[in-house]
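Any value given below was found using the heavy atoms of this structure, including those in side chains, with hydrogens, waters and symmetry copies removed. Bear in mind that the values here come from a model prediction, so they are computed numbers and not experimental data.
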Amino acid sequence: MPRRVALTLLVLPLGAAACGGGGTSAKPTVSNLSPVAYVKGAARQTTKATSEHVSLKADATAGGQQISLAGAGDFDQQRHVGAMHVTFAAAGMNGSIDEVLSGTTVYMRSPLFGASLPQGKKWLKLDLQKAGKARGVDLSALLSQSPARSLGQLEGLRNVKKIGSEHVDGASATHYRGRIDLSKVPQGARLKALTHATYTPFDIWVGDDDGYIRRFRFGVAYMVPDGSDADFTITMDFSDFGKSVSVSEPPASEVFDATGLALPGLGG
């Protein structure tokens, strides 16, 4: 699989994992709130967590390639770091990826990149903020691990409807569905202009006992640099709020900085 396609398929779904969060404060009262107000309140509440465990499943296509991802990891929202292990299947090939996030910088290690890296290098590095600025996009507002920023995307929710009661990882939750107005999302208009991104409805599950977001699902279609269409769908589950998380960045001597490459999905 070419490196460019691989990055397109991997970086965006993995970067989206940083959009999660959880909280430890009081549950908002649903009886006197509209569905859209309640879900936005739950999203704001999740910004109060210090850390959480995230599991994800994603399917993506780009450049005629298809890939499925499944993984889990832990994120420390106070230090803005996280680590995740992901397995993937693509074009008859199976493998794994170790990912470390620090702010808006992503480090990835995988046999997928091994043959393409310079001798002695084990990790691929992408500074999403720096690459985004080259395209006029402040990606810190979109992909930062700060829940206050990433969950701020839900401020763009509209037309939210209650779907029903369901269970997430054995816990009772209420399922809501709404659409995102990109004009209300930080950098949303610029991102749409660059990628022609269109989103499916957002599905959000809010815990009945605590009022925290427990599951988050959405899909997005966008344009890759060669002008072809790409898309991914991702489902994230959140748990273990407030747990202790230990994450270390890879040694600089083992890192190859690929930030100078065109950021997948943003053209250039």
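For the salt bridge (Lys or Arg N to Asp or Glu O under 4.0 Å) test, no residue two or more places apart in sequence or in another chain qualifies with Arg217.
For the pair Ser34 (side chain) and Ala37 (backbone), a donor-acceptor distance under 3.5 Å is present. A donor-acceptor pair under 3.5 Å is formed between the side chain of His53 and the backbone N or O of Gly73. No side-chain donor-acceptor contact under 3.5 Å links Gln66 to the backbone of Ala89. The backbone N or O of Val160 sits nowhere less than 3.5 Å from a side-chain atom of Arg179 that would complete a donor-acceptor pair. A side-chain donor-acceptor contact under 3.5 Å links Thr200 to the backbone of Gly219.
Of the candidates Asn94, Thr87, Asp59, Ser68 forms a side-chain hydrogen bond (donor to acceptor under 3.5 Å, both in side chains) with just one, namely Asp59. Applying side-chain hydrogen bond (donor to acceptor under 3.5 Å, both in side chains) to Tyr107 and the options Lys122, Glu99, Glu249 leaves one that passes, Glu249.
Under a 4.5 Å side-chain heavy-atom criterion applied to ILVMFWY residues, the cluster that includes Val168 comprises Trp205 as well.
Annotation: side chain of Arg215 is not in contact with side chain of Ile204 (no heavy-atom distance under 4.5 Å).
Across all non-hydrogen atoms, the minimal contact from Leu101 to Phe75 is CD1-CE2, 3.8 Å. The minimum heavy-atom distance between Met84 and Val54, with the atom names listed, is CE-O, 4.1 Å. Residue Ser96 comes nearest to Pro111 through the heavy atom pair O-CD, 3.7 Å, listed as atom of the first residue, atom of the second, then distance. The minimum heavy-atom distance between Leu157 and Gly178, with the atom names listed, is CD2-C, 4.0 Å. Shortest non-hydrogen contact noted between Leu124 and Ala258 is CD1-CB, 3.4 Å. Across Gly242 and Thr50, no two heavy atoms sit closer than the pair CA-OG1, 3.5 Å.
Phe218 and Phe216 have perpendicular rings, their planes meeting at more than 60° on a 0 to 90° scale where under 30° would count as parallel.
The aromatic ring centroids of Tyr199 and Phe202 lie less than 6.0 Å from each other.
Pairs engaging residues 238-248 under the side-chain hydrogen bond (donor to acceptor under 3.5 Å, both in side chains) rule: Asp74-Lys243 [sequence neighbours left out].
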